[in-house]
Amino acid sequence: MTTARLPLFPLNAVLFPGLVLPLNVFEERYRAMMRELLKTDQDEPRRFAVVAIRDGRETAPAGAGMPDAVNLPAERGPADGFGPDPVQTFHRVGCIADAAKIRERPDGSFEVLATGTTRVRLLSVDASGPFLTAELEELDEGPGEEAGALAEGVLRAFRNYQKRLAGASERSLTTGADLPDDPAVVSYLVAAAAVLDVPTKQRLLQAPDTATRLREELTLLRSETAVIRHLPSLPAVDLTRAPTHPN
């Protein structure tokens, strides 16, 4: 297995390969990370690792969707808020992100647009520098048995799920032409786009192969669709109007 040492960005979200991650970076330890990444030649990938924070732990004060700035606490060390052994605070499987855009604002914060590339296993965390770094092991992923047939079933279930979320009168649903046909890409797209909590998304990310992930998604989609059918109102309708696309 290939190993690497990269800056580590913990979030209260799960990043999947091929999916886009917008970040608003305004705490100093993560600003320092972005300044370091900017030293990398533009022709080289500016890579960092994203891991999800376990339930009940503090979340990193930066997130997807470029939220408005918040009142920040006093400047904190790289591991502050993550306990005496940060590696225990994070899920052990994460994703490498490649920052295609890092733009520094006049106030010193950063607007970042990154894309997930490769699943990794977290081996160790180093808090000795201005930001966290991690020793990581890249995870290979095989298709597993019947991944192609499972992907077709998941896409059908996903379309039905979208329809239930949007309601019968919705006209702007994702069409078959908008969806990929590669089983691995399908598995990541559905995992990212479905309205699921972080532990469930994390379980999907760390599935041992594509077929296993697709099987679990098929079960989840059917279950969630059945629940939505009996709800008096429909949640997350905007998700069907602005679906998550693989890069």
Side-chain angles (χ1 to χ4, degrees), residues 1-2 6 9-23 45 47-52 63-65 90-100 112-122 136-162 165 173-225 236 239-240 242-247:
M1 290 286 185
T2 302
L6 294 175
F9 205 133
L11 286 174
N12 61 334
V14 178
L15 177 63
F16 292 91
L19 277 296
V20 174
L21 176 69
L23 291 170
R47 303 195 306 163
F48 60 99
V50 172
V51 291
F90 310 134
H91 286 285
R92 295 301 180 92
V93 175
C95 186
I96 292 177
D98 183 359
V112 179
L113 193 64
T115 303
T117 61
T118 307
R119 295 188 314 149
V120 287
R121 186 182 308 280
L122 184 63
L136 305 155
E137 176 185 66
E138 292 189 11
L139 294 177
D140 293 332
E141 180 170 328
E145 293 184 8
E146 301 180 347
L150 284 165
E152 293 177 5
V154 167
L155 285 177
R156 287 193 298 270
F158 183 62
R159 292 189 190 99
N160 191 30
Y161 171 77
Q162 283 192 308
L165 279 180
L173 292 170
T174 300
T175 66
D178 297 319
L179 295 172
D181 54 12
D182 179 270
V185 177
V186 169
S187 75
Y188 293 137
L189 171 62
V190 170
V195 183
L196 303 169
D197 59 20
V198 168
T200 301
K201 287 180 180 282
Q202 179 65 36
R203 192 167 68 247
L204 292 173
L205 177 68
Q206 60 194 41
D209 54 59
T210 299
T212 300
R213 184 178 304 110
L214 289 167
R215 287 189 189 96
E216 182 160 358
E217 287 170 349
L218 193 56
T219 299
L220 285 167
L221 289 169
R222 288 171 175 170
S223 175
E224 292 295 310
T225 302
L239 227 154
T240 61
T244 305
H245 291 286
N247 189 41

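Nothing here was measured: the structure is a model prediction, and the numbers come from that model. We number each residue from 1, following the sequence as shown.
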**Message:** Just verifying a value: how many Å separate Gln162 CD and Thr225 OG1, rounded to the nearest 0.5 Å?
**Reply:** 10.0 Å
**Which atom of Val112 lies closest to which atom of Ala99, heavy atoms considered** = CG1-CB, 4.2 Å
**Complete:** Contacts of Gln202 meeting side chain to side chain donor-acceptor pair (under 3.5 Å) (sequence neighbours excluded), chain-then-number -> Gln206
**Message:** I'd like to check the ring pair (Phe, Tyr, Trp, His ring centres under 6.0 Å) partners of Phe90; sequence neighbours left out, ordered by chain and number.
**Reply:** Phe82
**Separation between OG1 of Thr210 and CZ of Arg215, rounded to the nearest 0.5 Å** = 10.5 Å
**Asked** Is there a donor-acceptor pair under 3.5 Å between the side chain of Ser223 and the backbone N or O of Leu220?
**Response** no
**Asked** How many angstroms lie between atom CD1 of Ile96 and atom OG1 of Thr115, to the nearest 0.5 angstrom?
**Response** 13.0 Å
**Prompt:** With Ala97, which residues qualify under side chain to side chain contact (heavy atoms under 4.5 Å, CB included), at least two apart?
**Reply:** Leu15, Phe48, Val50, Ala114
**Prompt:** Does atom CZ of Arg121 have more than 12 heavy-atom neighbours from other groups under 6.0 Å away?
**Reply:** no
**Asked** Residues two or more places apart in sequence or in another chain: which of them pass side chain to side chain donor-acceptor pair (under 3.5 Å) with Arg119?
**Response** Glu141
**Asked** Under 4.5 Å between any side-chain heavy atoms of Pro17 and Thr117, yes or no?
**Response** no
**Message:** If I take atom CG from residue Leu21 and atom CZ from residue Phe9, how far apart are they, to the nearest 0.5 angstrom?
**Reply:** 8.0 Å
**Pairwise side-chain contact, Tyr161 with Val195, heavy-atom cut-off 4.5 Å (strictly under)** = yes
**Request:** Using a 4.5 Å cut-off on heavy atoms from C-beta on, say whether the side chain of Val93 contacts that of Leu122.
**Result:** no
Donor-acceptor contacts under 3.5 Å from residues 145-155 side chains, at least two apart:
none

**Message:** With salt bridge (charged side-chain N to carboxylate O under 4.0 Å, His left out) as the rule and sequence neighbours excluded, what pairs involving residues 188-212 come up?
**Reply:** Arg203-Glu216
**Contact summary for Ala192 and Leu19, nearest pair of heavy atoms** = CB-CG, 3.7 Å
**Asked** Looking at CG of Leu204 and CG of Leu196, how far apart are the two atoms once the value is rounded to the nearest 0.5 Å?
**Response** 6.5 Å
**Message:** With side-chain contact (heavy atoms from CB on, under 4.5 Å) as the criterion, how do Leu139 and Val120 come out once you've worked through the C-alpha distance, each side chain's angles and the decisive distance to 0.1 Å?
**Reply:** CA-CA 5 Å; Leu139 294 177; Val120 287; 5.7 Å; no
**Message:** For the CZ atom of Phe158 and the CG atom of Leu218, what is their distance to the nearest 0.5 Å?
**Reply:** 13.0 Å
